[in-house]
Amino acid sequence: MTIRFYNTLSKQKEVFEPVTPGKVGIYLCGPTVYKPAHIGHMVGPVIFDTLKRFLVYNGYEVTWVVNITDVDDKLIAQANERGIPMSQVATEMTMDYLANLKSLGVDQIDQMPRATDYMKEIIAFISELIAGGYAYASGGDVFFDVLKDDDYGKLSNRSVDSQQGEGGEAASRKRSPGDFALWKSAKAGEPAWDSPWGPGRPGWHIECSAMSRGILGKTFDIHGGGLDLVFPHHENEIAQSESCHHQPMVKYWLHNGLMRAGSASGKVGGKSDRDTANAGAQAAAGAPGTEAGTAASTPPVGSTPSAASVPEEQATVDTKISRSKGAGGLADLIGRQGGDRLRFFLLRTHYRSTIVFSEEEVAEAGAGLDTFHRFFERYTRVTGEQFHELPAVSRRVAGEFDPGDDELAKEAQARRTAFLTKLDDDFNTGGAISELFDWVRALNKFVDQHQLEDQPASKAERVASLRRGVATLRELSAILGLFRAAPPKAKAGGDDALVGKLVQLLMELRADARGRKDFATADKIRLAMGAMGVVIEDRKGGTEWRVGS
RNA sequence: GGCUCCGUGGCCAAGUGGCUAAGGCAGUGGAUUGCAAAUCCACCAUCCCCGGUUCGAAUCCGGGCGGAGCCUCCA
């Protein structure tokens with residue numbers, strides 16, 4: 001097995017070999033905690049959570065760090081707007097972020113350092129850069145001098161002289177426009193930390209250099225983030241760290257594609273007052289040929305009546321999902337679709353591709369997932385075991401076994417190899433998922449052929465084969481972090497016990513009708529219940545029902 | 001203007017030089033079912049356009065058209 005990754009730095013796929021054999025350090029740029037997270041913020045965490053699972057499965061000892069930026073201009077603005085301390089904003093939004101990660105099954109993070117907990121290290125780092133001649137203090141601020149860095153721009157393929165640089169009043173204190181702030185002097189009323197250059201706060205990029213060094217070392221294996229961070233954020237991280245250390249900062253730079261809003265109805269974060277006002281203003285000002293006009297002429301991807309009837313929202317159809325435009329609503333989305341569906345939705349596309357988000361697409365992905373859930377129920381009927389409670393083989397080598405003459409086991413090994421080969425090649429989760437579908441179909445077929453739902457006790461050998469096959473499905477899906485728990489079974493009428501009892505009564509009446517071959521009555525009940533969203537399934541072992549999707 | 005990326009069936013999406021172009025959703029036909037549901041089987045694309053390289057291209061090169069991102073805060 002050889003794992004390869006596409007490295008943004010070299011712009012090609014490279015064989016993965018950790019700096020230290022057997023160990024992997026991963027740093028993922030985390031959130032600036034000033035507003036509630038939206039689905040776009042979950043792309044990176046879900047991908048890297050899955051990546052860590054895969055690397056651990058391959059036998060590596062992995063340390064995964066996700067930083068929390070809890071001091072920043074946007075946090076200050078938010079705190080002022082709400083009239084509360086910045087730290088309170090940060091705490092609230094961090095809690096929100098963590099809750100969303102949990103819902104999506106992101107539970108592999110080892111450390112989540114906060115910038116404010118690393119002030120000492122940050123200040124030390126800046127001091128080192130000044131001492132090395134790579135940074136200079138200027139009027140209470142400290143800037144990185146990009147002209148001192150020979151290979152500045154190598155990650156994003158930009159030349160220094162093409163940089164426009166940050167504007168604002170700070171620009172006048174820079175030596176060259178491309179210089180960026182390592183330390184920002186505090187204005188009156190702003191949160192501040194003492195430093196050799198006076199009270200202030202860190203610039204955006206330095207925390208990542210300081211924290212990654214502190215936790216993962218001067219050179220570590222994988223640095224991740226969204227493609228939008230390549231420049232300036234990661235470019236500046238490299239500049240800082242490599243100027244300071246004179247050794248490579250990161251061996252493999254992995255960047256995930258960004259998410260875009262696909263349709264009005266799927267617009268991330270719902271519509272806040274600000275978004276609606278903004279969209280309306282754009283639409284009003286949008287003469288033909290303007291940006292708004294162009295956006296409005298694009299057909300909605302997941303066209304729905306509601307989307308078509310709300311033209312002012314179409315001005316935001318093509319807007320990318322960004323913190324400045326979408327807010328909130330992720331918890332509701334998770335509540336409606338479930339974390340597993342969203343996770344699956346994110347993983348079925350290659351991590352470097354753009355994902356166009358719409359809730360219709362999430363639901364469609366969920367329809368595919370249901371195939372697995374149906375099968376798990378089937379497995380329970382045969383064996384009495386719950387799929388999600390099965391132990392998953394957690395190491396790649398341990399999953400290999402001699403299939404002997406067992407045809408199903410032979411196919412299990414073949415599918416497993418195909419699945420892992422897809423992941424080995426630049427972490428192709430979408431391709432790997434197709435193997436899962438192929439495999440579940442084969443397992444269903446096996447149950448069909450041997451009628452394992454009918455008197456399974458008398459078919460011990462076949463059931464044993466099935467178990468082995470399902471163990472492989474469990475092993476592989478666990479790498480993707482899917483099917484960690486049984487999906488919450490929707491109940492008719494929610495938690496209303498009365499509705500549940502009435503459904504049960506209808507079921508009994510229908511069973512009676514079927515018993516006396518009164519199919520007219522039985523069908524009337526089934527069709528009426530179906531119209532209400534209750535799906536009836538008659539089986540040899542008895543009738544089951546579920547709230548369909 | 002500079003720098004990237006993308007364009008595969010109705011929709012989503014793998015594949016990036018060579019067997020019959022994965023898989024999912026939707027659809028159609030069949031098996032099964034009292035009828036359904038679930039499941040299984042079958043059918044459903046020559047890869048935006050033009051030109052080139054090659055024995056051979058969805059896959060490489062050039063041009064065109066269309067779309068996205070970054071260059072300012074952004075996962």
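Note on naming: letters A, B, ... go to the chains in the order of the sequence lines (proteins, then strands), and numbering restarts at 1 for each one.
Mapping A:Ser434 and A:Tyr351 onto RNA chain B via the closest heavy atom, the residue that lands nearer the 5' end is A:Tyr351. Each of A:Leu369 and A:Gly431 lies near RNA chain B, and the nucleotide nearest A:Gly431 is the one positioned closer to the 5' end.
Side chain to side chain, A:Thr421 and A:Asp424 fail the donor-acceptor criterion of an N or O pair below 3.5 Å. A donor-acceptor contact closer than 3.5 angstrom is absent between the side chains of A:Arg441 and A:Thr371.
Atom C1' of nucleotide B:U4 and atom NE2 of A:His255 are separated by 12 Å, given to the nearest angstrom.
Annotation: B:C60 and B:A68 have their C1' atoms spaced 24 Å apart (nearest Å). With both ends at atom P, the span from B:G7 to B:A14 equals 9 Å, rounded to whole Å. Of the C1' atoms belonging to B:A58 and B:A45, the separation is 11 Å, rounded to the nearest Å. When the P atom is compared between B:C41 and B:G24, the two are found 10 Å apart, to the nearest whole Å. The same atom, C1', is picked in B:U46 and in B:G9; the two are 11 Å apart, to the nearest Å. Distance noted for atom C1' between B:G51 and B:C65: 15 Å (whole Å). Taking the C1' atom of each, B:C47 and B:U8 are spaced 4 Å apart, rounded to whole Å. B:U59 and B:C25 have their C1' atoms separated by 26 Å, with the value rounded to a whole Å.
Within the 4.0 Å cut-off from OP1 or OP2 of B:A38, not a single side-chain nitrogen or oxygen of A:Asn444 is found. The phosphate of B:G24 has OP1 or OP2 within less than 4.0 Å of a side-chain N or O from A:Arg441. Dashed line: the shortest gap from a side-chain N or O of A:Asn157 to OP1 or OP2 of B:U4 is under 4.0 Å. Phosphate contact (OP1/OP2 of B:C41, side-chain N/O of A:Lys445, threshold under 4.0 Å): present. Side-chain nitrogen and oxygen atoms of A:Thr371 include at least one within less than 4.0 Å of the OP1 or OP2 phosphate oxygen of B:C25.
Note on A:Arg381: nothing from the nucleic acid sits closer than 4.0 angstrom, heavy atoms only. A:His350 comes within 4.0 angstrom of sugar-phosphate atoms only, judged by non-hydrogen atoms across all strands, and of no base. Contacts of A:Arg378 with the nucleic acid, taken as non-hydrogen atoms under 4.0 Å apart, involve only primed sugar atoms and P, OP1 or OP2. Across all strands, A:Asp72 comes closer than 4.0 Å to no nucleic acid atom at all (heavy-atom distances). Using a 4.0 Å heavy-atom cutoff across all strands shown, A:Leu227 reaches no nucleic acid atom at all. Here A:Gly226 lies in heavy-atom contact (under 4.0 Å) with sugar-phosphate atoms only.
Closest approach of A:Met86 to A:Asp72, counting heavy atoms only: SD-N, 4.3 Å.
Relative ring orientation between A:Phe483 and A:His373 is described as perpendicular, the plane-to-plane angle rising above 60° on a 0-90° scale split at 30° and 60°. By the 30° and 60° cut-offs, the orientation of the rings of A:Phe387 relative to A:Phe376 is parallel. Note on ring orientation: taking the six-membered ring where Trp is involved, the planes of A:His255 and A:His234 are tilted (angle from 30° to 60°).
Residue-nucleotide stacking is not present for A:Phe437 and B:G23, judged by a side-chain ring centre under 5.5 Å from the six-membered base ring centre and planes under 30° apart.
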